[in-house]
Amino acid sequence: MRFRTGGAAAVVPVALAVLVAGCGGGRAVGDYGKVTEGRIGATAEVEVAPGERFSLAVAENASVGDSWKLEELPDVALLSYIGDEYEHEGGSDTTGGGGTRYYVFNAKRPGTASVTVSNCWRCPAGRVPADEQSRRRSGEATFRITVR
């Protein structure tokens, strides 16, 4: 029994998928744009122009318990959310040590928005701190974004 696979037309999408999957060392986002760092308990100011790509960055070390989460997407008329990426400080073959979590956006039109990311340190699945130490190390980083 022989099956027809669609010839060259069927090969192109598969080849393209393999090439895309192999690019960037496993990263989906290749360009972070303008990077602004944030931290728990602080508000970072971000100024960008329409059409500009930018990232909100927080230090993360999952091996000690960090677990960052984007709380809510901002107004889609103002900002496009591209995705989040984690970059390990020691390279992809090193364990522990931490790195940086990037939340990547494109600015669309003038206006202001606030974006909050929260870190629930050593929290169980429900993202509620399990003890006093977890409550002290958990918190929010806020980014106030102005598109001019």
Side-chain angles (χ1 to χ4, degrees), residues 9-148:
V11 173
V12 172
V14 172
L16 183 58
V18 169
L19 285 172
V20 170
C23 293
R27 290 183 19 208
V29 178
D31 175 16
Y32 296 137
K34 177 182 179 179
V35 176
T36 301
E37 294 181 11
R39 61 183 171 81
I40 290 175
T43 299
E45 300 290 334
V46 182
E47 285 195 26
V48 291
E52 187 174 356
R53 179 164 290 188
F54 66 97
S55 295
L56 313 177
V58 288
E60 179 177 299
N61 187 345
S63 69
V64 298
D66 286 331
S67 175
W68 286 96
K69 178 183 175 189
L70 178 64
E71 286 302 315
E72 185 176 313
L73 290 176
D75 181 0
V76 296
L78 183 68
L79 305 173
S80 292
Y81 177 61
I82 305 303
D84 72 283
E85 288 285 335
Y86 174 76
E87 280 202 14
H88 193 277
E89 285 178 353
S92 61
D93 60 343
T94 307
T95 57
T100 303
R101 171 78 50 195
Y102 297 90
Y103 295 92
V104 185
F105 295 86
N106 280 337
K108 292 169 85 174
R109 64 174 179 83
T112 59
S114 184
V115 173
T116 301
V117 293
S118 66
N119 185 15
C120 198
W121 192 80
R122 292 191 179 172
C123 291
R127 293 193 57 85
V128 175
D131 56 30
E132 184 58 34
Q133 183 182 28
S134 180
R135 279 188 286 284
R136 280 194 316 271
R137 292 188 173 203
S138 296
E140 297 178 336
T142 302
F143 298 84
R144 188 171 311 130
I145 301 146
T146 302
V147 182
R148 299 206 184 269

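What you see is a predicted model; the values in this text were computed from it and never measured.
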Looking only at heavy atoms, what is the nearest atom pair of [X] and [Y], with distance?
X	Y	value
T43	R144	CG2-NH2, 3.7 Å
S114	T142	OG-CG2, 3.4 Å
F143	A57	CZ-O, 3.9 Å
V104	S55	CG2-OG, 3.4 Å
F54	N106	CE2-C, 4.2 Å
G38	A141	C-CB, 4.4 Å

### Message
Within the supplied structure, the quantity of interest is the number of heavy atoms (other residues, nucleotides, ligands) at a distance under 6.0 Å from E37 CD; does it exceed 12?
### Response
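No.
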
Can you tell me how far [atom2] of [Y] sits from [atom1] of [X], rounded to the nearest 0.5 angstrom?
X	Y	atom1	atom2	answer
E47	T36	CD	OG1	10.0 Å
R122	D131	CZ	CG	9.0 Å
R101	N61	CZ	CG	11.5 Å
E85	T100	CD	OG1	12.0 Å
E60	H88	CD	NE2	10.5 Å
L56	K34	CG	NZ	11.0 Å

### Task
Would you tell me whether N119 and D66 have side-chain atoms, one donor and one acceptor, within less than 3.5 Å of each other?
yes

### Task
For the pair Y81 and F105, name the ring-plane relationship: parallel under 30°, tilted 30 to 60°, perpendicular over 60°.
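Aromatic pair Y81/F105 classed tilted.
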
### Query
Is there a donor-acceptor contact under 3.5 Å from the side chain of R127 to the main chain of S67?
yes

What side-chain donor-acceptor pairs closer than 3.5 Å can you find for residues 68-80, not counting sequence neighbours?
residue: W68; atom: NE1; partner: A59; partner atom: O; Å: 3.0
residue: E71; atom: OE2; partner: S118; partner atom: OG; Å: 2.3
residue: D75; atom: OD1; partner: A77; partner atom: N; Å: 2.9

### Task
Please name all residues satisfying side-chain contact (heavy atoms from CB on, under 4.5 Å) with S138, sequence neighbours left out, ordered by chain then number.
C120, W121, C123, P129, S134

#### Entry: Close side-chain approach of V117 to Y103, heavy-atom, < 4.5 Å
yes

